S.K.: 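Okay, handing you the structure first.
This structure is a prediction, so every number in the text was calculated from the model and none was measured.
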Amino acid sequence: MQDFMKGRYGVDDLSTALGAVGLVLALLGTLSSARFVSIVALIVIVVALLRAFSKNFPARRREDEQFCTLMAHVPVIGERFKGGHGGYRPNPGSSNAANFERTKRTAQKMWANRKTTMYFKCKNCGQMLSVPRGKGRIRVKCPKCGNVTEKKS
């Protein structure tokens, strides 16, 4: 699946909204036995999937920006869309596969060292920190932001 998604746009706010609308319509069509509503729901879900699998980044990004601009004017849910992008924005310049591989390597390292090392995130900047287990209460200084935290290892 990871190889299949290389070079594809992925899921963004508009695709998520279309999927949610499609599911709601499918539920309504099933409950009311309205065949037309179920067909419309299926079409909406297929459009959401086609957007996610698309390789045309500029067109999908433009559509999503227009959607976010439109949604920013909606009273209750518009706050999420103000001030830039709302959710996931795939960047064609960076490789999502590389980010996934780095996360995978980190998780494997943490799992392998779970008996000797304790991992936690800095509360100030989110940097992943590691300390040896079994040393009692220790003070840990974040190398990124300099925040000092006292932790029990």
S.K.: Spell out, as yes or no, whether a donor-acceptor pair under 3.5 Å connects the side chain of S153 to the backbone of P132.
M.R.: yes
S.K.: Find out whether V11 and T16 are in side-chain contact, i.e. whether some heavy atom of one side chain is under 4.5 Å from a heavy atom of the other.
M.R.: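 V11 vs T16: side chains touch.
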S.K.: Check whether any side-chain heavy atom of V131 lies under 4.5 Å from a side-chain heavy atom of I138, and answer yes or no.
M.R.: yes
S.K.: G7 and F57: which non-hydrogen atoms are nearest, and at how many Å?
M.R.: O-CE1, 3.4 Å
S.K.: So, taking the atom named CD in Q108 and the one named CG in N113, what distance separates them when rounded to the nearest 0.5 Å?
M.R.: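 It comes to 11.5 Å.
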S.K.: Is there a side-chain contact between M110 and R114, using heavy atoms and a 4.5 Å cut-off?
M.R.: no
S.K.: Using the rule that two of Ile, Leu, Val, Met, Phe, Trp, Tyr join whenever any of their side-chain heavy atoms come within less than 4.5 Å, decide whether L50 and I43 are in one cluster.
M.R.: no
S.K.: Under a single-linkage definition using a 4.5 Å side-chain heavy-atom cutoff for Ile, Leu, Val, Met, Phe, Trp and Tyr, are V46 and V21 assigned to the same hydrophobic cluster?
M.R.: no
S.K.: Atom SG of C142 and atom CG of N147: how far apart are they, to the nearest 0.5 Å?
M.R.: 7.0 Å
S.K.: L18 and L42: same hydrophobic cluster, using ILVMFWY side-chain contacts below 4.5 Å?
M.R.: no
S.K.: Could you report the tightest heavy-atom contact between S38 and A26, atom names first, then the distance?
M.R.: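 For S38 versus A26, the nearest heavy atoms are OG-O, 4.5 Å.
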S.K.: Would L14 and V74 show up in the same hydrophobic cluster when neighbours are defined by side-chain heavy atoms closer than 4.5 Å?
M.R.: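 Yes, it is one cluster - the side chains of L14 and V74 are joined through contacts under 4.5 Å.
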S.K.: For atom CZ of R137, decide whether the heavy atoms of other residues, nucleotides or ligands shown that lie under 6.0 angstrom number more than 12.
M.R.: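 It does: R137 CZ has more than 12 such atoms within range.
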S.K.: For residues 115-135, which residue pairs qualify under salt bridge (charged side-chain N to carboxylate O under 4.0 Å, His left out), counting only residues two or more places apart or in two chains?
M.R.: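 As it turns out, there is no salt bridge (charged side-chain N to carboxylate O under 4.0 Å, His left out) pair with a partner in residues 115-135 once direct neighbours are skipped.
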S.K.: OG1/T30 to CG/L25 distance, rounded to the nearest 0.5 angstrom?
M.R.: 10.5 Å
S.K.: What residues join L27 in its hydrophobic cluster, counting side-chain heavy atom gaps under 4.5 Å, either direct or through other members?
M.R.: L31
S.K.: Quick one: does R61's side chain get under 4.5 Å of Y9's, heavy atoms only?
M.R.: yes
S.K.: Taking side chain as C-beta onward, heavy atoms only, is K151 less than 4.5 Å from R139?
M.R.: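 No. Closest side-chain heavy atoms not under 4.5 Å.
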S.K.: Is there any side-chain hydrogen bond (donor to acceptor under 3.5 Å, both in side chains) pair reaching into residues 40-59, and which pairs are they, with sequence neighbours excluded?
M.R.: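 Every pair satisfying side-chain hydrogen bond (donor to acceptor under 3.5 Å, both in side chains) with a residue in residues 40-59: D12-R51, S15-R51, R51-E63, S54-R60.
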S.K.: Group every Ile, Leu, Val, Met, Phe, Trp and Tyr by side-chain heavy-atom contacts under 4.5 Å, then state whether L129 and V148 land in the same group.
M.R.: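 In one cluster with L129: V148, no.
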S.K.: I'd like to check Y119 versus K109 (side-chain heavy atoms, cut-off strictly below 4.5 Å). Are they in contact?
M.R.: yes
